[in-house]
Asker: 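Got a structure for you, questions after.
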Amino acid sequence: MSSGSVHPNRQKCLEYLTEYGTPKHVVGHCKSVAAVAYMLGKALNEAGGTRAAAFKDIRITTYRRGAGRFYYEQDHSRDKHGLGWRNFDLELLLASGLLHDMARVEDRHWDVCADWCHEKTLYEEEQIIRAHMMYQYTNDANHLTEADLVSLGDRLTLEDHYAGLDERMDYIIKKAERHGNPNARAAILKKKKETRKLLDAIEEKIGMTIDELMADIDYDNVEKAE
């Protein structure tokens, strides 16, 4: 684990979603993102883990809901002094993925959910969830964090299933154009290119394509598929 923190298990997260009143289709999306992030983390752990600083050592400055945008930056400087490799915290990936869109029907849902996590003392989940909507992940497959993997899980998922990068980005482009924003295509394609470069590096590291990794994904029992 990244920090020794205790994270809610699947059942507890699902209870939280029910108590909050998260719609069923959003729960399905949360299950999918959690499963994709978990499987990425598990495969990367088996391939040697990550050289990123522990999550608790990542700098994060946030502006609370209604007070402007947040700033999130990964700080890998300590790794120069030999922190070495570590495994991804799979429990944190699962909990953050399951809870990340709990409040999706509300304005600035990422802040609403992050504030809720803060009240529950789920501080690492809070940081990931507050940043996930506009998260700028690293392009180095050897310096990934849990925040990177949850963000990737979100960007590879279409509602309640793993879709892959092409299908997901095509959906976003069409959605932007339907909402009268044709100029968004260029920005989305740029982000797609950056994400593809990172995915290529991850695939090289784990020795298979992401599509192959997700071929038999079980959204309800991913952590039990050993």
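Throughout, residue positions are numbered sequentially from 1 according to the sequence presented. All values derive from a computational prediction rather than experimental measurement.
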Asker: Suppose we screen for side-chain hydrogen bond (donor to acceptor under 3.5 Å, both in side chains). Which residues come up paired with T195, at least two apart in sequence or across chains?
Answerer: Y137
Asker: Please name all residues satisfying side chain to side chain contact (heavy atoms under 4.5 Å, CB included) with D216, sequence neighbours left out, ordered by chain then number.
Answerer: none
Asker: Is it the case that more than 12 heavy atoms not belonging to K197 sit under 6.0 Å from its NZ atom?
Answerer: no
Asker: For a quick check under 3.5 Å, do D148 and S151 share a side-chain donor-acceptor pair by atom type?
Answerer: no
Asker: Using the side chain to side chain donor-acceptor pair (under 3.5 Å) rule, collect all pairs that involve residues 164-174, keeping only residues at least two apart or in two chains.
Answerer: D166-K192
Asker: Once side-chain hydrogen bond (donor to acceptor under 3.5 Å, both in side chains) is applied, do any residues pair with H161, and if so which ones, sequence neighbours excluded?
Answerer: none
Asker: With sequence neighbours left out, write down each residue that passes side-chain hydrogen bond (donor to acceptor under 3.5 Å, both in side chains) with N183, or none if nothing qualifies.
Answerer: none
Asker: Quick check on the hydrophobic clustering: are L149 and Y219 connected, directly or via other members, by side-chain heavy-atom contacts under 4.5 Å?
Answerer: yes
Asker: Would you please name every residue forming a salt bridge (Lys or Arg N to Asp or Glu O under 4.0 Å) with R10, sequence neighbours left out?
Answerer: E223
Asker: Throw together a table of side-chain donor-acceptor distances under 3.5 angstrom for residues 175-182, partners on residues two or more places apart or in other chains.
Answerer:
unit_1: E177; atom_1: OE2; unit_2: R185; atom_2: NE; d: 3.3
unit_1: E177; atom_1: OE2; unit_2: R185; atom_2: NH2; d: 3.1
unit_1: H179; atom_1: ND1; unit_2: K175; atom_2: O; d: 2.8

Asker: For the residue pair L93 and V150, what are the closest heavy atoms and their distance?
Answerer: CD2-CG2, 4.0 Å
Asker: Enumerate the salt bridge (charged side-chain N to carboxylate O under 4.0 Å, His left out) contacts for residues 25-36, please, sequence neighbours excluded, ordered by first and then second residue.
Answerer: K31-D220
Asker: Would you please name every residue forming a salt bridge (Lys or Arg N to Asp or Glu O under 4.0 Å) with K205, sequence neighbours left out?
Answerer: none
Asker: Sequence neighbours left out, what passes salt bridge (Lys or Arg N to Asp or Glu O under 4.0 Å) with D211? Give chain and number order.
Answerer: none
Asker: Consider only side-chain N and O atoms of H109 and D101, and report whether a donor and an acceptor are under 3.5 Å apart.
Answerer: yes
Asker: Heavy atoms only: give me the nearest L99-C113 pair and the separation to one decimal.
Answerer: O-SG, 2.9 Å
Asker: Which residues pass the salt bridge (Lys or Arg N to Asp or Glu O under 4.0 Å) test with E159, not counting sequence neighbours?
Answerer: R104
Asker: Among residues at least two apart in sequence or on other chains, which ones pass side-chain hydrogen bond (donor to acceptor under 3.5 Å, both in side chains) with N9?
Answerer: none
Asker: Looking only at heavy atoms, what is the nearest atom pair of F88 and G41, with distance?
Answerer: CD1-O, 4.0 Å
Asker: Would you confirm whether the ring centroid of H29 sits within less than 6.0 angstrom of the ring centroid of H100?
Answerer: yes
Asker: Can you give me the closest heavy-atom contact between A34 and L94, atom names plus distance?
Answerer: CB-O, 3.7 Å
